[in-house]
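This report concerns only the one structure given below.
Numbered from 1 within each chain, the chains take letters A, B, ... in sequence-line order.
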Amino acid sequence: MIRLRFGPSPTGNLHIGTLRTALFNWLYTRSKLGKFILRIEDTDLLRSKPEYEQNIKEGLEWLGLNCDEGPEEAGDFGPYRQTDRIKEGYYKRALEELLEKKKAYYCFCTVSDLNGERESSKSAGKPYVYSRKCCALTPEDVKSRLSENIPYTLRFKMPENNSLLFKDIIRDDIKFDCTLVSDFVIMKSDGSPSYNFACVVDDKDMKITHVVRGEDHISNMPKQLAIFEALGSPAPEYAHMPMILGTDRSKLSKRHGATSVTEYRDQGFLKEAFINYLSLLGWSPNDEQEIFSLDEIISQFGLDRVSKSGAIFDIKKLTWMNGQYIRKCSPEDLFERAWPFVTDTLKSKLTTLYSAEDLVKIVNSVKDNLDTLADVSSYIEVYANTEDEYLDKLSNFEFSESDKSVILHFSDFLATSSDLNKVSVDQALDSILEKTGLGKGKVFRPLRIASSAEKSGPHVSELLAILGKEKLQNRLSGLLK
RNA sequence: GGCCCCAUCGUCUAGUGGUUAGGACACCUGGUUUUCAUCCAGGCAACGGGAGUUCGAUUCUCCCUGGGGCUACCA
């Protein structure tokens, strides 16, 4: 069974790029009936914050990317938060193993020592590689410095073999020159493990079979592969996905408005549309279908059709797709999703004016206008106008004799009808067209204006039916005086 | 600077040793529609450059250019 992990670090909100990584991991596990594991990589003690972890979980939860194992789920390979794993000694044991095998060593270099080394490499025009100064320390040197309480880190001793080749699922062969890789820090001076080390120890312990992550991690491969080897464990398979780019084609960051995914939720994007759009960013199915149910995406998804080049996130296409999903909603479903986006004042006005049943109709009547759910208020506002507001707006319009005759005809219809609905109103409109011989524009337009004091809005028959007999009679009779 | 990755319409992408290089968004035009919108039809628009291999390269190879990533006691 395949086991994939998503390892966000809670040093910021969950943004599109990270989420897309999570999504592809999730889709792959669902398509192969494997396990999706959430691992919180919070070894950056300074920048990690609980609220970011919360935001990440909220984003995943919104989209339904549920994990099989994680900090809050049962699992045989826990704990799933790296700070908890520190407490339980997972890294310490691995560190001791490497020290024992002479594959790691104490380093007492200070930050300024290291900066000095870097400076001189730079001025000499050479690539910087750590000098291995501390690798030469004798056990006695180490012991005495430790006894003096000099701060230290632990470094991994990179193997001497100079080149490395690995097969990436998406990119095929990738090779590196290992002599260019420093003996890197695996334990920081505060005792916490560094990323490249913790990540490998966990992938090993959690029996991860596939690592699907951003291509910004490709350059970590020599380090991570070397650790796996030193620990005597086979490495998982790797798939490095293309990046999601800002509109200037650089790595997505806060300056591009790389907002938390929860903001897309709050802006009224449907989770189905969001997942559908994101799945097509860097992956494509083998036909030209674009709108997919989740099951369809899962059944067609595969790492073999992930593209290699970076992609710009296009909010316009997402918006279009969102509209497609909105239009597919049933009236009841749309109401449930859109109502929370209605402003409070509008909500209270509408609930006093209309029945629950009519509220569903109101929202449904503007379905074709919505790009996002957040648009709903501006379109349904017309239903909530008070008589004063209506009269105020009406003063912008004038009615011709022909308009008045249309209005009169409709008033006659109102007088004889008890219950207005779309069908009965449509019939009445048809008969007015027939009786007056006027064109549609000459009939519908004056009625729209007379009833709502707006020149555009929901379909006229829906608008009239929902406004209702009483309000219409009141408004139209005022006009005909 | 060094190392690594990438390169098809403005954007997301499909694709092949010989195709009218396909689709979608956006944009434009027309149609339907009472209006905005929806919907429908049509249009504009791409293989970064140079060598090489080949009868033939968008496709294969190399170089260049361009873009991106990494180069931390961040992840």
* Asked: Do the two ring centres, one from A:W283 and one from A:F301, sit under 6.0 Å apart?
  -> yes
* B:G2 P sits how many Å from A:F176 CZ, rounded? -> 17 Å
* Have A:H217 and A:N220 got a donor and an acceptor in their side chains that come within less than 3.5 Å? -> yes
* Asked: A:R118 has an atom CZ; how far is it from atom P of B:C73, in whole Å?
  -> 5 Å
* Would you call A:D141 and A:R145 a salt bridge, taking side-chain N to carboxylate O under 4.0 Å as the test? -> no
* Asked: Which atoms form the tightest heavy-atom contact between A:V376 and A:V363, and what is the distance?
  -> CG2-CG1, 4.4 Å
* **Separation of the C1' atoms in B:C3 and B:A46, to the nearest angstrom** => 32 Å
* To do: For the pair A:H210 and A:Y28, name the ring-plane relationship: parallel under 30°, tilted 30 to 60°, perpendicular over 60°.
  => perpendicular
* Asked: Under 3.5 Å, is there a donor-acceptor pair between the side chain of A:R85 and the main chain of A:P79?
  -> yes
* A:K440, nearest nucleotide to its side chain (from B:C4, B:A72, B:U34) -> B:U34
* Within less than 4.0 Å of OP1 or OP2 of B:A72, is there a side-chain N or O belonging to A:K188? -> no
* Send over the distance from A:N322 CG to B:A37 C1', rounded to a whole Å. => 15 Å
* Asked: How would you label the contact of A:I174 with the nucleic acid (heavy atoms, under 4.0 Å): base, sugar-phosphate, or nothing?
  -> sugar-phosphate
* OP1, OP2 of B:C39 versus side-chain N and O of A:Q324: anything below 4.0 Å? -> yes
* Taking the C1' atom of each, how far is B:U61 from B:U54, in whole Å? -> 12 Å
* Asked: Can you find a side-chain donor-acceptor pair between A:S307 and A:S309 that sits under 3.5 Å?
  -> no
* **Check: A:N25 side chain, A:V212 main-chain N or O, donor-acceptor pair, under 3.5 Å** => yes
* Salt-bridged, A:E53 to A:K57, with N to O below 4.0 Å? -> yes
* Asked: Would A:H217 count as stacked on B:G69 if the rule is ring centres under 5.5 Å and plane angle under 30°?
  -> no
* A:T43 side chain: which of B:A75, B:C70, B:C6 is closest? -> B:A75
* Structure fact -> Which of B:A75, B:U35, B:C12 is nearest the side chain of A:N196? It is B:A75
* Asked: On a whole-Å scale, what distance lies between the C1' atoms belonging to B:U29 and B:G67?
  -> 35 Å
* **Quiz item: A:S456 side-chain donor-acceptor pair to B:C36 base, under 3.5 Å** => no
* Rounding to a whole Å, what distance do you find between A:F292:CZ and B:G23:P? -> 17 Å
* Does any N or O donor sit under 3.5 Å from an N or O acceptor when you compare the side chain of A:R448 with the base of B:U34? -> yes
* Structure fact -> Nearest-nucleotide check on RNA chain B, A:Y128 vs A:D42; residue mapping nearer the 5' end is A:Y128
* Roughly how many Å is it from CG in A:L245 to C1' in B:G66, rounded to a whole number? -> 14 Å
* For A:Q289 and B:G23, what is the distance between atoms CD and P respectively, to the nearest whole Å? -> 17 Å
* With heavy atoms under 4.0 Å as the rule, sort A:V460 into base, sugar-phosphate or nothing. => base
* Say whether A:Y128 and A:E117, considering side chains only, have a donor N or O and an acceptor N or O under 3.5 Å apart. => yes
* Asked: Expressed in whole Å, how much space separates the C1' atoms belonging to B:G31 and B:G49?
  -> 44 Å
* To do: Could you give the distance separating B:G42 and B:A24 at their P atoms, to the nearest angstrom?
  => 10 Å
* Looking across every strand, which nucleic acid part, if any, lies under 4.0 Å from A:S309 by heavy atom: base, sugar-phosphate, or nothing? -> sugar-phosphate
* Asked: Going by atom types alone, do A:N322 and A:T372 pair a side-chain donor with an acceptor below 3.5 Å?
  -> no
* Asked: What does A:C178 touch in the nucleic acid at a heavy-atom separation under 4.0 angstrom: a base, only the sugar-phosphate, or nothing?
  -> nothing
* **Euclidean distance for C1', B:C60 against B:U53 (whole angstrom)** => 8 Å
* Asked: Reckon A:K175 touches a base, only the sugar-phosphate, or nothing at all at heavy-atom distances under 4.0 Å?
  -> sugar-phosphate
* Could you say whether A:D190 or A:L370 is positioned toward the 5' end of RNA chain B, judged by the nucleotide with the nearest heavy atom to each? => A:L370
* If we take the C1' atom in both B:C62 and B:G22, what is their distance in whole Å? -> 30 Å
* To do: Determine the contact category for A:R171: base if any of its heavy atoms lies under 4.0 Å from a base atom, sugar-phosphate if only primed atoms, P, OP1 or OP2 are that close, otherwise nothing.
  => sugar-phosphate
* To do: Under 4.0 Å between any heavy atoms, over every strand shown, what does A:H459 touch: base, sugar-phosphate, or nothing? Just pick one.
  => base
* Indicate, with a heavy-atom threshold strictly under 4.0 Å, whether A:R39 touches base, sugar-phosphate, or nothing. => nothing
* Give the rounded distance in Å between these two atoms: CG of A:N115 and C1' of B:C73. => 11 Å
* Asked: So, A:Y80 versus A:D202: side-chain donor-acceptor pair below 3.5 Å or not?
  -> no
* B:C3: pairing nucleotide in any strand, Watson-Crick or G-U under 3.5 angstrom -> B:G69
When you compare the protein's N or O atoms with those of nucleotides 25-32 of chain B, which come within less than 3.5 Å of each other, and at what distance?
residue: B:C25; atom: O2'; partner: A:K317; partner atom: N; Å: 3.4

* A:S284 vs B:A14: side-chain N/O to OP1/OP2 distance below 4.0 Å -> yes
* Asked: Touch check for A:R213, heavy atoms < 4.0 angstrom, all strands: base, sugar-phosphate only, or nothing?
  -> nothing
* Looking only at side-chain atoms of A:I218, point me to the closest of B:U38, B:U34, B:C4. => B:C4
* To do: Report which part of the nucleic acid A:D44 touches: base, sugar-phosphate, or nothing (heavy-atom distance under 4.0 Å, all strands).
  => sugar-phosphate
* To do: Give A:G282 one of three labels, base, sugar-phosphate or nothing, depending on what nucleic acid heavy atoms sit under 4.0 Å from its own.
  => sugar-phosphate
* Asked: From the list B:A14, B:G69, B:A75, which nucleotide is the closest neighbour of the side chain of A:S250?
  -> B:G69
* Asked: Quick one: is B:C36 close enough that its OP1 or OP2 comes under 4.0 Å of any side-chain N or O from A:R445?
  -> no
* At under 4.0 Å between heavy atoms, what does A:S307 touch on the DNA or RNA strands: base, sugar-phosphate, or nothing? -> sugar-phosphate
* Asked: With distance as the sole criterion, do the side chain of A:N220 and the base of B:A75 form a donor-acceptor contact below 3.5 Å?
  -> yes
* Asked: When you check the phosphate oxygens OP1 and OP2 of B:U11, does a side-chain N or O of A:R249 lie under 4.0 Å from one of them?
  -> yes
* Asked: When you compare B:U20 with B:G52, how far apart are their C1' atoms, in angstrom units rounded to a whole number?
  -> 29 Å
* Asked: With both distances under 3.5 angstrom, what nucleotide forms a Watson-Crick or G-U wobble pair with B:U59?
  -> none
* Asked: How close or far is atom C1' of B:U38 from atom CD1 of A:I291, stated in whole angstroms?
  -> 15 Å
